[in-house]
Engineer: 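Submitted below is the structure of interest, expressed as structure tokens.
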Amino acid sequence: MTTATNETEPRHFLDVDDLSEAELLAVLDRADEYKRAVDAGDDHADLSGQTLGMLFQKASTRTRVSFETGMTQLGGHAIFLGEDDIQLGRGEPLKDTSRALSRYVDAVMARVFKHENVEVLAEYSSVPIVNGLTDDAHPCQTLADLQTIREHQDGFEDVSAAWIGDGNNVAQSFALGCALTDIDLTIATPEGYEVDGEVLERARELGGDPTVTTDPVEAATGADVIYTDVWISMGQEDERDVRMNDFEGFQVNVDLLENAPDASVMHCLPAHRGEEVTDDVIEGDRSIVFDQAENRLHAQKALLSWLLE
Ligand code: CP
Ligand code: NVA
């Protein structure tokens with residue numbers, strides 16, 4: 001919480017490149033420490049007495065529960081703020097919501113539709129704003145993804161990743177995360193569903209060199225990690241028929257995995273089995289999707305304690 005007379009510029013986390021490479025690695029190291037602390041049952045109440053506001057315009061299982069549980073484990077508290085439970089749903093401007101919340105809580109995590117909405121929250125907030133997913137970015141997912149890749153690949157050196165499917169919010173933040181950690185990324189999407197050119201440019205500015213293709217086999221061949229996400233993201237339900245047609249051939253299934261005999265399979269979840277991934281692949285022994293889900297908890301605790309320290 002800050003008051004009008006206690007104004008310092010907070011750090012926000014609207015996308016992965018709000019962190020430098022060194023800061024990202026520091027957060028991932030802290031995430032590993034928190035994971036060990038949970039496993040060992042060690043007390044780590046680093047945010048004792050602090051409160052996180054959690055603003056949601058979209059549904060969530062992992063993001064909501066991992067942030068709330070994380071704050072409890074850190075000795076703090078989290079408040080769920082569904083859009084329709086607060087005055088925002090009745091038309092109160094976001095900038096007023098942000099300034100009011102800043103007077104109560106120590107940080108706000110927001111899951112919204114338009115990415116501009118987290119930018120407005122940040123512009124008017126005197127406490128850190130954390131992007132819990134927008135239409136364009138999902139950086140908290142990327143933190144957990146990188147922690148998971150580092151665990152399974154024993155580091156980031158010489159790791160190659162293939163993104164197969166929609167160049168969506170999860171893909172875009174993942175591209176930035178790969179650039180910061182020197183993961184060699186190939187992105188295969190159907191025409192018209194590419195990662196935004198501006199995001200690719202940001203990835204290149206970070207030292208990445210993502211390869212872009214429309215051929216899933218080219219992307220998958222020899223990859224250490226194969227990552228996919230739904231073809232129809234939240235808010236795109238009206239496009240279902242067109243998308244189901246356009247994404248034909250982009251399913252992560254056993255035939256595609258034959259091109260990458262050592263690859264682990266990633267998915268941010270929720271998965272639509274039979275669409276972007278088959279049931280046997282997601283249930284198979286190469287799937288690391290629930291490690292990713294678990295690491296949301298550890299990575300976000302690390303991010304929050306780093307932002308608030
Ligand atoms: N991966 C992810 O963000 O899941 P939820 O939509 O359940 O939060
Ligand atoms: N791309 C998906 C991710 C859900 C966590 C969506 O935006 O719905």
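Order of appearance sets the numbers: ligands from 1, and atoms from 1 within every ligand. These numbers come from the heavy atoms of this one structure, side chains and all, not from hydrogens, waters or symmetry mates.
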Engineer: Among all protein heavy atoms, pick the one closest to atom 7 (O) of ligand 1 and tell me residue, atom and distance.
Structural biologist: Thr61 N, 2.7 Å
Engineer: Is the contact between Arg64 and ligand 1 made by the side chain, the backbone, both, or neither, using heavy atoms and a 4.0 Å cut-off?
Structural biologist: neither
Engineer: Looking at ligand 1, does any of its N/O atoms fall within less than 3.5 Å of an N/O of Pro270?
Structural biologist: no
Engineer: For His138 and ligand 2, does the shortest N/O to N/O distance drop below 3.5 Å?
Structural biologist: no
Engineer: Give a yes/no verdict on whether any heavy atom in Arg296 is under 4.0 Å from an atom of ligand 1.
Structural biologist: yes
Engineer: Could you tell me whether ligand 1 has any atom less than 4.0 Å away from a heavy atom of Leu269?
Structural biologist: yes
Engineer: Starting from Phe247, can I reach Val281 by hopping between I/L/V/M/F/W/Y residues whose side chains sit under 4.5 Å apart?
Structural biologist: yes
Engineer: State whether a side-chain donor-acceptor pair under 3.5 Å links Thr134 with Asn169.
Structural biologist: no
Engineer: With no hydrogens and no angle check, just 3.5 Å: does a side-chain donor-acceptor pair link His44 and Glu33?
Structural biologist: no
Engineer: Under 4.0 Å from a heavy atom of Leu269: which atoms of ligand 2 are those, numbered in the order shown and with their elements?
Structural biologist: 5 (C)
Engineer: Does a side-chain N-to-carboxylate-O contact under 4.0 Å join Asp246 and Arg243?
Structural biologist: no
Engineer: Mark up the atoms of ligand 2 that fall under 4.0 Å of a heavy atom belonging to Asp229, in ascending order.
Structural biologist: 1 (N), 2 (C), 3 (C)
Engineer: Going by the closest heavy atom to atom 6 (O) of ligand 1, which one wins out of His138, Arg62, Gln141, Arg111?
Structural biologist: Arg111
Engineer: Salt-bridge test for Asp291 and Lys35: reply yes if a basic N is under 4.0 Å from a carboxylate O, no otherwise.
Structural biologist: no
Engineer: For atom 4 (C) of ligand 2, what is the nearest protein heavy atom, given as residue, atom name and distance?
Structural biologist: Leu133 CD1, 3.8 Å
Engineer: When you measure from atom 8 (O) of ligand 2 to every protein heavy atom, which one gives the shortest distance, and what is it?
Structural biologist: Met234 N, 2.8 Å
Engineer: Can you check whether Val170's main-chain N or O pairs, donor with acceptor, with Gln172's side chain at less than 3.5 Å?
Structural biologist: no
Engineer: Would you mind telling me which of Ile149, Ile187, Ile183, Leu206 makes a side chain to side chain contact (heavy atoms under 4.5 Å, CB included) with Cys178?
Structural biologist: Ile183
Engineer: Might you confirm whether atom CD of Glu201 has over 12 heavy atoms from other residues, nucleotides or ligands at distances under 6.0 Å?
Structural biologist: yes
Engineer: Of all the non-hydrogen atoms in the protein, which one sits nearest to atom 7 (O) of ligand 2, and at what distance?
Structural biologist: Asn169 ND2, 2.8 Å
Engineer: Could you tell me whether Lys58 approaches ligand 1 through its side chain, its backbone, both or neither, with non-hydrogen atoms closer than 4.0 Å?
Structural biologist: neither
Engineer: Between atom CG of Leu121 and atom CG of Leu94, what is the distance when rounded to the nearest 0.5 Å?
Structural biologist: 4.0 Å
